[in-house]
Amino acid sequence: TKSELKDVKKFTDAHYAAPNKSMYGIARGRNVFVIHLESFQQFLIDKKVNGKEVTPFLNSIYHGNNTYAFDNFFHQVGQGKTSDAENMLETSTYGLSQGSLFATLGSDNTFQAAPAILNQRAGYTSAVFHGNVTSFWNRNNVYKNMGYQYFFDASYYDTSGDKSTGYGLKDKLLFNDSIKYLEQLQQPFYAKYITVTNHFPYDLDSEDEDPNFKTVDTGDKSVDNYFVTAHYLDQSLKEFFTYLKKTGLYNKSIFVIYGDHYGISDSENKKLAPVLGINSDKWNDFDDAQLQRVPLMFLIPNSGNHGHIINTYGGEIDVLPTLMHLLGVSSKRYIQFGTDLFSSQHDQVVAFRNQDFVTPTYTSLSGVVYNNKTGKKAKLDKKQQTQIKKDGNKVNKELSLSDSLNTKNLLRFYHPKGFKSINASKYNYSNGLD
Ligand code: GP9
Ligand code: MN
């Protein structure tokens with residue numbers, strides 16, 4: 001009801017973080033490419049195996065002069081995996097404690113999401129490029145409710161025979177075969193690319209393997225193959241960027257590049273540990289939690305070489321307000337649980353979906369608090385105990401208010417200034433062939 005909406009609004013207003021003046025609007029008017037790196041963890045960045053970088057192209061972006069890259073950025077997904085990441089990135093509200101919000105609520109809920117906001121505030125055209133079928137994660141319905149104008153799913157590409165793996169069109173083909181549609185989009189556009197090849201079980205046809213890249217031998221097939229498909233994903237991006245640079249689109253765009261969630265599960269981490277140079281004998285929950293870091297990079301080509309690697313702690317919930325401020329669109333009037341990562345008021349307590357949380361100093365897992373520096377259980381004085389308690393309460397409150405907002409569809413009562421509600425029936429994603 002409306003009083004429940006009030007509670008949510010009171011919380012998000014109280015936690016609003018004002019933009020950093022030196023960053024506000026630095027990408028104004030640029031096309032936006034959101035590049036979803038499937039199952040891609042931060043440890044892949046700068047990782048070498050058998051003397052070779054796994055992802056040389058992404059590493060060059062990570063260290064680039066016009067890239068703002070975060071190295072303490074965490075995924076926050078629950079059972080909705082990819083769909084939870086998409087939901088957080090484009091609505092700055094959390095996924096659900098169980099199941100996928102896209103699948104369970106996405107057909108009927110009101111969304112105030114990136115494609116609609118950017119269209120209404122700044123004239124952006126919006127599109128998703130993805131090599132799987134429309135119905136996966138209920139995307140065909142959710143995207144309409146988010147105001148996506150176009151969804152180029154599997155039916156728009158030739159996915160026959162060896163052109164696909166388990167979750168659809170191979171990444172190199174997705175980037176290449178989508179160009180004919182991308183070229184038709186009115187600028188400025190907001191275009192999301194969801195890759196799939198680096199997805200469990202990390203199968204790749206031998207014809208797609210780089211003969212110069214030899215992976216590790218851990219005795220765990222998915223750990224070994226993870227590096228192979230990540231390397232393939234990296235090559236697919238390099239090819240796409242070659243095209244973008246050639247056409248000049250590159251310099252007119254901002255790229256949001258992120259990993260959606262872990263690729264190696266907690267149960268496999270002990271096999272991975274030696275590859276990362278960590279002794280797996282003493283492996284514990286703390287170590288698992290540290291591996292939930294995923295990349296987040298904002299690449300703004302030709303923007304004055306102010307890029308650098310930033311140690312601020314944050315998570316997927318924070319991307320939307322951060323991006324909006326880079327584009328010069330204020331986020332203040334919306335209900336968003338995340339805050340601008342560049343703001344001095346950004347809150348560095350990162351909530352996991354199960355109420356665990358990470359701060360720059362501590363990692364709290366099922367009520368056990370670890371010291372980030374030592375990886376051991378923290379000895380807390382009174383003051384520190386009070387702080388941790390406060391942080392934990394905030395995490396719980398934030399998650400439960402987000403759940404209240406979404407499970408009760410409260411945004412249907414919320415009318416931020418100028419926001420025109422979405423009419424899903426306006427959109428038709430069929431390619432006319434089926
Ligand atoms: C499927 C892809 C994978 O289309 O996005 O989703 P996931 O299994 O990672 O949630
Ligand atoms: Mn995923």
Side-chain angles (χ1 to χ4, degrees), residues 34-44 55 58 73-91 94-106 127-144 146 148 150-157 159 163-175 177-178 191-204 222 225-226 229-230 232-234 236-237 256-268 291-296 315-317 319 352-354 429:
V34 176
I35 300 184
H36 173 113
L37 305 175
E38 180 56 44
S39 304
F40 197 105
Q41 293 175 242
Q42 178 69 15
F43 71 74
L44 289 166
T55 60
L58 280 164
F73 180 78
F74 291 78
H75 84 77
Q76 299 168 288
V77 308
Q79 293 169 345
K81 303 294 290 285
T82 290
S83 67
D84 282 357
E86 290 184 71
N87 180 66
M88 282 184 277
L89 260 96
E90 294 184 315
T91 72
Y94 290 94
L96 301 176
S97 60
Q98 257 162 16
S100 154
L101 185 147
F102 267 32
T104 59
L105 304 173
V128 181
F129 299 93
H130 182 49
N132 201 352
V133 294
T134 43
S135 55
F136 201 94
W137 286 132
N138 195 28
R139 285 182 174 112
N140 46 348
N141 293 312
V142 178
Y143 287 169
K144 288 178 185 172
M146 286 185 162
Y148 266 113
Y150 304 101
F151 179 15
F152 299 99
D153 79 308
S155 70
Y156 284 83
Y157 320 101
T159 59
K163 296 189 176 62
S164 296
T165 49
Y167 288 84
L169 188 66
K170 292 173 179 173
D171 296 340
K172 284 189 184 178
L173 299 174
L174 172 72
F175 285 117
D177 297 353
S178 62
K192 171 159 79 167
Y193 277 79
I194 306 174
T195 62
V196 295
T197 310
N198 188 47
H199 190 294
F200 184 84
Y202 312 110
D203 283 335
L204 196 66
S222 59
N225 290 349
Y226 183 60
T229 49
Y232 171 88
L233 169 56
D234 186 70
S236 76
L237 278 172
V256 183
I257 303 171
Y258 79 104
D260 64 339
H261 50 69
Y262 62 86
I264 305 302
S265 62
D266 288 354
S267 61
E268 296 168 315
L291 285 187
Q292 305 315 306
R293 285 178 171 82
V294 291
L296 175 67
E316 287 166 332
I317 201 79
V319 174
F352 292 170
R353 185 52 259 199
N354 63 1
Y429 300 147

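Each ligand, and each atom within it, is numbered from 1 in the order the structure gives. All values reported here derive from a predicted model rather than from experimental measurement. Just so you know, residue 1 is the first one in the sequence shown, and it goes up from there.
- In this structure the side chain of Met88 reaches within 4.5 angstrom of the side chain of Gln76, judged on heavy atoms.
- Taking the six-membered ring for Trp and thresholds of 30 and 60 degrees, Phe136 and Tyr167 have ring planes more than 60 degrees apart, a perpendicular arrangement.
- Residues satisfying the salt bridge (charged side-chain N to carboxylate O under 4.0 Å, His left out) test with Lys163, not counting sequence neighbours, are Asp158.
- For the side-chain contact (heavy atoms from CB on, under 4.5 Å) with Asp171, the lone residue among Leu37, Thr165, Val196, Ile194 that qualifies is Val196.
- Annotation: side chain of Thr82 is in contact with side chain of Trp137 (closest heavy-atom distance under 4.5 Å).
- Listed by first then second residue, pairs satisfying salt bridge (Lys or Arg N to Asp or Glu O under 4.0 Å) with a partner in residues 127-142 read Glu86-Arg139, not counting sequence neighbours.
- A cation-pi contact, defined as under 6.0 Å to the ring centre and within 45° of the axis, is absent between Lys192 and Phe129.
- Take the Mn ion (ligand 2) and draw a sphere of radius 2.8 Å; the protein N/O/S atoms inside it number 5.
- Ring planes of Phe152 and Tyr150: parallel class, angle under 30° (limits at 30 and 60°).
- Between Ser100 and Gln79 there is no side-chain heavy-atom pair separated by less than 4.5 Å.
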Which protein N or O atoms sit under 3.5 Å from any N or O of ligand 1? Give each pair with its distance.
{"unit_1": "ligand 1", "atom_1": "4 (O)", "unit_2": "His130", "atom_2": "NE2", "d": "2.7"}
{"unit_1": "ligand 1", "atom_1": "4 (O)", "unit_2": "Asn132", "atom_2": "ND2", "d": "2.9"}
{"unit_1": "ligand 1", "atom_1": "4 (O)", "unit_2": "Arg139", "atom_2": "NH1", "d": "2.8"}
{"unit_1": "ligand 1", "atom_1": "5 (O)", "unit_2": "Arg139", "atom_2": "NH2", "d": "2.8"}
{"unit_1": "ligand 1", "atom_1": "6 (O)", "unit_2": "Thr82", "atom_2": "OG1", "d": "2.9"}
{"unit_1": "ligand 1", "atom_1": "6 (O)", "unit_2": "Trp137", "atom_2": "NE1", "d": "3.3"}
{"unit_1": "ligand 1", "atom_1": "8 (O)", "unit_2": "His199", "atom_2": "NE2", "d": "2.7"}
{"unit_1": "ligand 1", "atom_1": "9 (O)", "unit_2": "Glu38", "atom_2": "OE2", "d": "2.9"}
{"unit_1": "ligand 1", "atom_1": "9 (O)", "unit_2": "Thr82", "atom_2": "OG1", "d": "2.7"}
{"unit_1": "ligand 1", "atom_1": "9 (O)", "unit_2": "His199", "atom_2": "NE2", "d": "3.3"}
{"unit_1": "ligand 1", "atom_1": "9 (O)", "unit_2": "His261", "atom_2": "NE2", "d": "3.2"}
{"unit_1": "ligand 1", "atom_1": "10 (O)", "unit_2": "Thr82", "atom_2": "N", "d": "3.0"}
{"unit_1": "ligand 1", "atom_1": "10 (O)", "unit_2": "Thr82", "atom_2": "OG1", "d": "3.3"}
{"unit_1": "ligand 1", "atom_1": "10 (O)", "unit_2": "Trp137", "atom_2": "NE1", "d": "3.0"}

